[in-house]
2 protein chains.
Amino acid sequence: MVDNCSPDSVARSVREYEGVTRKRGIGELIECLRITDQPDVVASFGEDAAVIRQDDLALLLAADGIWSKLMEADPFWAGYCAVLVNVHDIAAMGGRPLAMVDVLSFTSGDLRNEVTRGMQAASEQFGVPIVGGHLHPDTPYSVIDLAIMGSMPIDDVLYSSTAEAGDRVVAAIDLDGRVHPSCLMNWDSVTMKSAGEVRRQIGVMQELASRHLVTAAKDISNPGVIGTLGMLLETSKKGAEVELDAIPRPDLQANGLTFEHWVRMYPGMGFIMTCHDEHTEEVCRLFEETGMTARPIGWVNDSRSLSVSYEGVNTSVFDLETEGIMRIINTTDLV
Amino acid sequence: MVDNCSPDSVARSVREYEGVTRKRGIGELIECLRITDQPDVVASFGEDAAVIRQDDLALLLAADGIWSKLMEADPFWAGYCAVLVNVHDIAAMGGRPLAMVDVLSFTSGDLRNEVTRGMQAASEQFGVPIVGGHLHPDTPYSVIDLAIMGSMPIDDVLYSSTAEAGDRVVAAIDLDGRVHPSCLMNWDSVTMKSAGEVRRQIGVMQELASRHLVTAAKDISNPGVIGTLGMLLETSKKGAEVELDAIPRPDLQANGLTFEHWVRMYPGMGFIMTCHDEHTEEVCRLFEETGMTARPIGWVNDSRSLSVSYEGVNTSVFDLETEGIMRIINTTDLV
């Protein structure tokens with residue numbers, strides 16, 4: 001049971017959370033950049049990584065930047081997260097991360113040293129090298145942008161756009177962590193883990209992909225567990241009903257968290273997936289073996305609305321048909 | 001004959017050019033980011049693109065950012081160049097560019113529209129799609145960072161670190177262009193060309209690679225033709241002597257250019273290569289077929305110094321042993 005949980009209040013706090021509202025510009029941007037006649041591009045915007053076909057191989061490509069807010073709060077953690085979110089983008093597709101390139105801008109040498117120390121630590125821990133990039137040596141701002149390449153068999157790729165009505169929604173999160181001391185919206189379950197532990201957790205996604213155990217997947221990023229599920233449903237053109245009480249959560253009181261705070265957090269290691277009901281148990285088992293907590297939290301439906309319920313009270317969080325989160329107008333036109 | 005050409009003055013102006021001096025932070029940065037035990041990483045920092053081995057395939061990955069100066073001067077051209085330099089990074093290795101991802105930050109919607117219009121134009125012209133990325137919707141600065149992925153047979157990859165003493169130095173530049181109206185240091189030979197023309201020019205590098213006609217290659221970037229050759233020689237641990245009068249150049253007077261200005265310019269389409277002397281003619285012929293001007297401009301030697309000469313007067317531009325440009329201390333340790 002969650003203390004003092006009101007689905008209305010959870011819905012509002014997720015909907016209005018900056019981590020969610022910041023996604024609104026994506027749809028418009030895609031319209032500007034799109035070009036035609038690209039038969040090898042299997043997936044692009046709206047997925048965690050783009051998929052380029054090369055015979056039987058899927059080449060994966062993704063990029064992410066770090067909020068300047070995070071860099072100001074904790075440059076080591078910002079550098080670490082830049083790597084972490086990129087590795088997650090490839091893992092979410094079921095792929096093997098191969099290498100990263102960076103474009104870095106720093107206002108000071110001290111900042112640069114802290115950021116690159118964080119990047120190097122995560123790169124070493126996850127075993128994904130930074131192999132090149134570009135340095136702006138003389139900027140009045142500090143920015144970390146990172147891109148990552150991965151690969152996998154083309155027939156095994158996990159997309160976020162392929163959830164089906166009747167699927168179970170499964171959330172997997174590593175609860176063995178802490179609120180990050182310099183960033184209240186980040187749940188750090190990673191910096192204290194061994195390379196072996198985090199690589200096994202990432203490896204579960206590769207196994208789910210090769211065994212075709214899930215129908216859609218996405219890593220839980222800044223929008224949090226409910227916001228990320230909303231993005232998955234938006235690209236899938238589906239809806240879902242989620243039981244708030246089923247969402248994996250750490251001891252909230254001991255960590256000084258409310259439930260509303262928790263569901264908006266970026267977890268160091270978290271994935272949201274959909275699967276056929278008969279695979280739910282096996283999917284959860286694979287995550288639990290690595291120390292993560294995985295639970296079925298709801299069902300996919302055809303409503304194009306994401307709603308949450310608690311003790312029989314049900315509230316809509318996102319109307320994905322008329323509003324959406326990323327506001328991608330027509331994903332079928334994208335590739 | 002070049003009017004009023006003093007090799008001393010050319011050497012100094014290249015050595016002190018911001019496009020060259022901005023490269024100095026690279027070596028130190030590499031030291032911070034390096035991790036060990038990466039057998040699939042065939043090449044990384046110091047090359048135009050990193051090379052990751054995947055069986056017989058080389059996967060290429062590169063990233064580049066655009067100077068804020070350029071974005072202020074001309075946002076359309078800045079967006080266009082972001083794509084151009086990335087495509088060149090893959091072309092310089094002899095690879096086929098497959099797809100790009102961006103990380104964008106904009107202070108205003110108008111700026112975003114102009115920049116993305118430039119990116120889209122170049123993406124369409126070169127036939128390389130932008131397939132995803134990240135948008136920072138709320139930054140106090142504007143930044144375009146782009147990463148690109150390419151592929152090619154692993155045995156055909158062109159490196160910049162493999163020039164050999166006794167090789168010819170060949171420069172190939174498309175002289176059919178103009179000083180860019182908003183950026184005096186850019187020679188625009190591309191925006192007015194058809195998709196077919198620029199793709200054929202890029203295609204020459206793929207042919208040189210598959211026929212193993214050159215020993216080392218690099219695209220001519222911000223440091224200009226002499227500065228870029230210096231970087232190639234630095235990673236190759238070689239030197240060279242260049243005949244200034246042999247460097248391909250447009251009608252300088254008609255374009256309001258001095259020779260010193262010209263050799264520091266970023267050409268819209270330019271490559272610097274080394275090759276065995278017997279291949280010089282064929283290498284030049286392939287470029288000339290696409291409307292570019294290609295000439296042997298000097299010889300590689302073991303001196304680890306790049307010097308230029310004109311009418312018998314010889315001057316050192318870069319001491320690559322004790323100083324260097326990127327200041328990469330020991331490239332053999334990098335991979």
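Letters go in sequence order (proteins before strands), and every chain restarts at 1.
- For the atom pair CG (A/Leu57) and CG (B/Asp55), the distance works out to 8.5 Å, reported to the nearest 0.5 Å.
- Of the atoms belonging to B/Val51, not a single heavy atom falls under 4.5 Å from chain A.
- Here the closest heavy-atom approach between residue B/Gln38 and residue A/Gly127 is recorded as NE2-O, 3.8 Å.
- Of the atoms belonging to B/Glu47, not a single heavy atom falls under 4.5 Å from chain A.
- At a threshold of 4.5 Å between non-hydrogen side-chain atoms, the residues B/Leu98 and A/Gln54 count as touching.
- With respect to chain A, the highest number of heavy-atom pairs below 4.5 Å among B/Ile130, B/Ile52, B/Thr116, B/Leu61 belongs to B/Leu61.
- For B/Ser151, the part sitting under 4.5 Å from any heavy atom of chain A is the side chain, from C-beta outward, and nothing else.
- Proximity to chain A (any heavy atom under 4.5 Å) is restricted, for B/Ile66, to the backbone atoms N, CA, C and O.
- Counting heavy-atom pairs closer than 4.5 Å to chain A, the top residue among B/Leu146, B/Asp89, B/Asp145 is B/Asp145.
- For the options B/Val143, B/Asp48, B/Asp102, B/Leu59, heavy-atom pairs under 4.5 Å to chain A are most numerous at B/Leu59.
- Annotation: maximal heavy-atom pairing with chain A below 4.5 Å, among B/Val131, B/Asp40, B/Val128, occurs at B/Val131.
- B/Arg96 touches chain A through its side chain: at least one heavy atom from C-beta onward sits under 4.5 Å away, while N, CA, C and O do not.
- Two residues are said to be in side-chain contact when any heavy atoms from C-beta on lie closer than 4.5 Å; A/Val103 and B/Asp64 fail this criterion.
- Interface remark: A/Leu60 contributes backbone atoms only to the contact with chain B (heavy atom separation under 4.5 Å).
- When the candidates B/Gly109, B/Ala147, B/Ser123 are compared by the number of heavy-atom contacts under 4.5 Å with chain A, B/Ser123 comes out ahead.
- B/Ala62 touches chain A through its backbone: at least one of N, CA, C or O sits under 4.5 Å from a heavy atom, while the side chain does not.
- Here the NE2 atom belonging to A/His134 is positioned 10.0 Å from the CG atom belonging to B/Asn86, to the nearest 0.5 angstrom.
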